[in-house]
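Throughout, protein chains are lettered first and strands after them, A, B, ... in sequence-line order, and every chain is numbered starting at 1.
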Amino acid sequence: MLTALAAVALGLFAGTLPDDRELARQILAELRGPRVAAAFACGGLLALAGALMQTLFHNPLAEPYLLGASGGAGLAALAGMTAGLAWPWVSGLAFAGSIGTLALAAALGGRMLARDHTPLLLAGVMLAAGFGALIALVLALAPAERLPGMLFFLMGDLAWASQPAWLLTALLAASIAATAMARRLDVLQLSPLKAASLGVAVAPTRWTLFALAGASTALVVAQAGSIGFVGLMVPHALRRLGFAGHRALLPACALAGGTLLVLADTLARTVIAPRELPVGVLTALIGVPMILWLLRKP
Amino acid sequence: MRLVSRDISLLTGDRTLVDALDLSLEPGEILGILGANGAGKSTLLAVLAGLALPARGQVTLDDVPLADLPPLVRAQRIGLLPQGDEGGFFGSVADFVALGHYPFDDAPDLAPHWATWELDALAGRRFDTLSGGERQRARLAQLAVQQTRLALLDEPLTHLDPAHQARLLAWMRSEANAGRSVVLTLHDPNWAACQCDRLLFLHGNGRWQLGTPAELLTPDSLEALYGPGTAPLWRQGR
């Protein structure tokens, strides 16, 4: 909690501010404030979605983009950019692409979800691979002057996030909804048959997980592109640090994911100021050594 | 409390595994199910647990069809030990065992179960670092925490050394003495002969036999159940 507050303060005041107090106030309130808020919300949503996906698929390597949520969004957004659409339209297309891909994965692989999650996993991974190829095709054919914007979207960039209030509301709602089913999610980590024998309705709970993780991811992708690594790393790291039960893990994911992304975005803004780096590059550069360090412990 | 299955049939694809089985479980009874791999033992347990529907027939608990029981109510009365697969569980052994109390709202009293399953020293360990036998003990403890009137165990002897098989047996006997029923699948006819009150043979082709160990267990019946060459598995008669 304190770390999160410190990160937000750092996010607000890192970097140059003009001497003019009025102008400085405006920059903080209208530019940096919303951006820090958006970063925190996106990071929290991604980490939360990652934890839910890991529980859904019984696999600590599952992450929010596993089922093509970012591939579908990326292709739709790039198509919009190629057509020269303005950002709000591109954002809308990304959201639709993300939700559409997840719905397609569910339609193709979701029939057996009460007993077996593998078909859904395979359908999603195949869609993600397919969209990845199509994205590469669009990049190869797109006009050169549009490439930087496209690459920033594909690597994730918070400069575009325009709805921090919505994102924060979504983070709060998703955290509460997920934590409310924490005990059921603990049981869901057992085999489907065992979970059912303990009185958990396996299929409805799994679909709720899928919908919650999918909606959280689609919102983030539509606002900030595909910011990688937060959703994989944060829950994994927190589990290693002893947050095993969902009641503690899920709120911790929301806080730690938000904190990490605020820090990464602050660095992305300031390291080579006035130019900016894609924040997804920073999350990986911070995250990879952290995970490797955690793996070192038995 | 009485679990009754009337005229139930189990299929896999279009092949009949069990045909028209009538089975009434008495309180305080230990029933052993024997049959070759794929004969339908696990499927039958899932049906008796109310987690799968038979192709035909009905299972009732005190005259209420299992399908009509709310899941949590069913979980307070019938416990199932499936064959293990907890690849997604990242918590401690204590967390794992405590999940057995999920169907109930109050706080669980885990203390008596640590000694029963000799898990005292393992409670703080991460579940996924345990050996196969230790995991099986943790699964059994989780089931014991659920404290159901009926326990369905799918190959509970798996991975257990003789000392812990003896503990399992003592636990089953104490359950039966308290008027609870235990159903287990197993592959050892000698264990079945000594420890079960009744046996159910599943032949995997629809045919089944129900009776006491003395009635059912003979070298010939084992060969009929498992195939030629299996009679020497049966040592009781020597």
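Listed here is the closest heavy atom pair of B:Gly91 and A:Ala244: CA-CB, 3.6 Å. Summarising the geometry of A:Leu198 relative to B:Leu99, their closest heavy-atom pair is CD1-O, 3.7 Å, with the distance given to 0.1 Å.
Only the backbone of B:Ile78 comes within contact range of chain A, with at least one heavy atom under 4.5 Å from a heavy atom of that chain. Residue A:Pro192 does not touch chain B at all, counting heavy-atom pairs closer than 4.5 Å.
With a 6.0 Å radius and a threshold of 12 heavy atoms from other residues, nucleotides or ligands, A:Met290 has its CE atom at or below the threshold.
Put simply, of B:Phe90, B:Phe96, B:Phe89, the one with the most heavy-atom pairs under 4.5 Å next to chain A is B:Phe90.
Between atom CZ of residue B:Phe127 and atom CG of residue A:Leu190 there is a gap of 8.0 Å, rounded to the nearest 0.5 Å.
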Please tabulate, one pair per line, the N or O donor-acceptor pairs under 3.5 Å between chain A and chain B.
from	atom 1	to	atom 2	distance (Å)
A:Arg183	NH2	B:Tyr102	O	3.3
A:Arg183	NH2	B:Phe104	O	3.4
A:Gln189	NE2	B:Gly88	O	3.4
A:Ser191	N	B:Asp85	O	3.4
A:Lys194	NZ	B:Leu80	O	2.8
A:Ala196	O	B:Arg74	NH2	2.6

